[in-house]
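Below you'll find the structure, written out as structure tokens, and then a few comments.
So that the names make sense, note that chain A is the first sequence line, chain B the second, and so on, each numbered from 1. Since we're looking at a predicted model, the values are computed, not measured.
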Number of protein chains: 2
Amino acid sequence: MEARTRRRVRDPAATRETILDAACNLLAKDGLEGVSLSAVAHLASVNRGTAYQHFETREKLIEATIEWVSDKMFRAVFGDPATLGERRVEEVDVSALTDRLSEFAMENPEIGRVWLQQVLASPDPSQDAFWREYCGSLRRFASTSLAVPGIDAEVMSVINLAGVFFWPVFARAHAADEGERSELTRRYTHEILRLSMYGTMSAKAFPDVAERLSKDFAKD
Amino acid sequence: MEARTRRRVRDPAATRETILDAACNLLAKDGLEGVSLSAVAHLASVNRGTAYQHFETREKLIEATIEWVSDKMFRAVFGDPATLGERRVEEVDVSALTDRLSEFAMENPEIGRVWLQQVLASPDPSQDAFWREYCGSLRRFASTSLAVPGIDAEVMSVINLAGVFFWPVFARAHAADEGERSELTRRYTHEILRLSMYGTMSAKAFPDVAERLSKDFAKD
DNA sequence: TCACTGATCGACAATGTTGCTGGTCAATTG
DNA sequence: CAATTGACCAGCAACATTGTCGATCAGTGA
């Protein structure tokens, strides 16, 4: 009859990681609603009590999960935070960065959206490393001659990130297999680059809008 | 002592509306997580049993709420569906449409995001009237000479809608009063128009990206 | 007027979740 | 080696939520 469930070997750091990883997967699968301590602990094969030992409350767990996601994302998109300082703005390969971000978003659905939501709602988004880096590099880029003048880096960050994190919702729902999925990823990166280069409206066809833009501009 | 709670006068249609309206408000306040039948019924001052009479299950209620939101949004952005057919593509005022959409998104936070999420995840987004109209008009616009060539209407719809529905998360968290909020709305509409007209990257500074774009293009 | 439909309500069972507590046991440290 | 720490676990209490049922009672139509 035996069969007592084996007691987990004592390794707090690893346990914490296990729990966060489980929370992350659950987040990607069912969204925020699906992240209950019961479900997370079960998926991580950890006792609920143990989970509470590591994270005081559900809120704290979610908060920690978001940070964990942010870090994962940072590495996937910008590489190792340690070696970051050395690179130059001019050297940043916009096109490759977009590729990596789209890739990550597609592989980790849901969590990017949840992360963005939390970060934007927080009193100071730049507390978050990924946001700081993303928005910051966009701002630096905007100040170079490589960029069109008049870019609002904050708004552009929101637009870019919102788009890249929402597209997988559509893509994953409409792609039957891996192949179609990467095709849809390609479609997205193509379009975002095309948009960045050429916009959507033929400038000479819209003198009124152009005028409105320059007027808004004067107000700033 | 008396004080029996008055029984609601019999008016199923109005009751249904009341419930949906409550659900909608709750959605805007607390997101999907906040929409429990208990909370909705309470807010609507309706017995929970009554709510179940109108909506078989929580899922059904949420589904109905999303449709209701879609309809509200449609009217706010495109006007009355009945008088829609008459207008021409060329007559559509892009700039005014953007204004109305941003306005709506700011006034009704959360629900637009949830709506977009549901619609994109559904097997056939064009079942939804708002999506059909938005994406369709973008497609029609793309085929005119007013537009830059090569636009992917579906991707652009996602980018635009994701952006406009996410911006309020940032804006509402960082605006102290009504005035700051409308200023932030203005910032958004300005930037999205600017982006549509001029993009972000100086085309001549990025011959490699331009080449990649034309290559991708050839593959299609 | 009177039966009938169905909108509304109060209560109940089943289930799930949160957070807490007290107990066990492995590792560390003096 | 003994004592202490704290990681881990099982179970409890409080509460929320879902979905269901049977009992009313207001309109409606015969």
Tell me: [atom1] of [X] to [atom2] of [N], nearest whole Å?
X	N	atom1	atom2	value
B:D11	C:dT8	CG	P	7 Å
B:F55	D:dT18	CZ	C1'	16 Å
B:R7	D:dG27	CZ	P	10 Å
B:E33	D:dT17	CD	P	11 Å
A:H42	D:dA10	NE2	C1'	16 Å
B:R8	D:dT24	CZ	C1'	17 Å
B:E17	C:dA7	CD	C1'	16 Å
B:Q53	D:dG22	CD	P	14 Å

statement: Protein heavy-atom contacts under 4.0 Å, written 5' to 3' over nucleotides 11-20 of chain C as B (base), S (sugar-phosphate only) or - (none), form the string ------SBB-
- prompt: Looking at the rings of B:Y134 and B:W131, which for Trp means the six-membered one, are their centres under 6.0 Å apart?
  reply: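 No, the ring centres sit 6.0 Å or more apart.
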task: Please check the phosphate of D:dC9 (OP1 and OP2 only) for any side-chain N or O of A:T50 closer than 4.0 Å.
output: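 Looking at the OP1 and OP2 atoms of D:dC9, one of them is under 4.0 Å from a side-chain N or O of A:T50.
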- prompt: Testing B:W115, B:F104, B:W68 for ring-ring contact (aromatic ring centres under 6.0 Å, His included) with B:F130, which one passes?
  reply: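 Only match with B:F130 under ring-ring contact (aromatic ring centres under 6.0 Å, His included): B:W115.
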field: Side-chain heavy atoms of B:K29 within contact of B:N25, under 4.5 Å
entry: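 A side-chain contact is absent here, since even the closest heavy-atom pair is not under 4.5 Å.
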field: By side-chain contact (heavy atoms from CB on, under 4.5 Å) - contacts of B:Q118 (at least two apart)
entry: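 If we apply the side-chain contact (heavy atoms from CB on, under 4.5 Å) test to B:Q118, skipping adjacent residues, the hits are B:L32, B:I66, B:V114.
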Atom pair OG1 (B:T185) and CZ (B:R181), whose distance is rounded to the nearest 0.5 Å: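 Result: 8.0 Å between the selected atoms.
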message: Salt bridge or not between B:E133 and B:R140? Use side-chain N to carboxylate O under 4.0 Å.
response: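 Counted as a salt bridge, because a side-chain N and a carboxylate O are separated by less than 4.0 Å.
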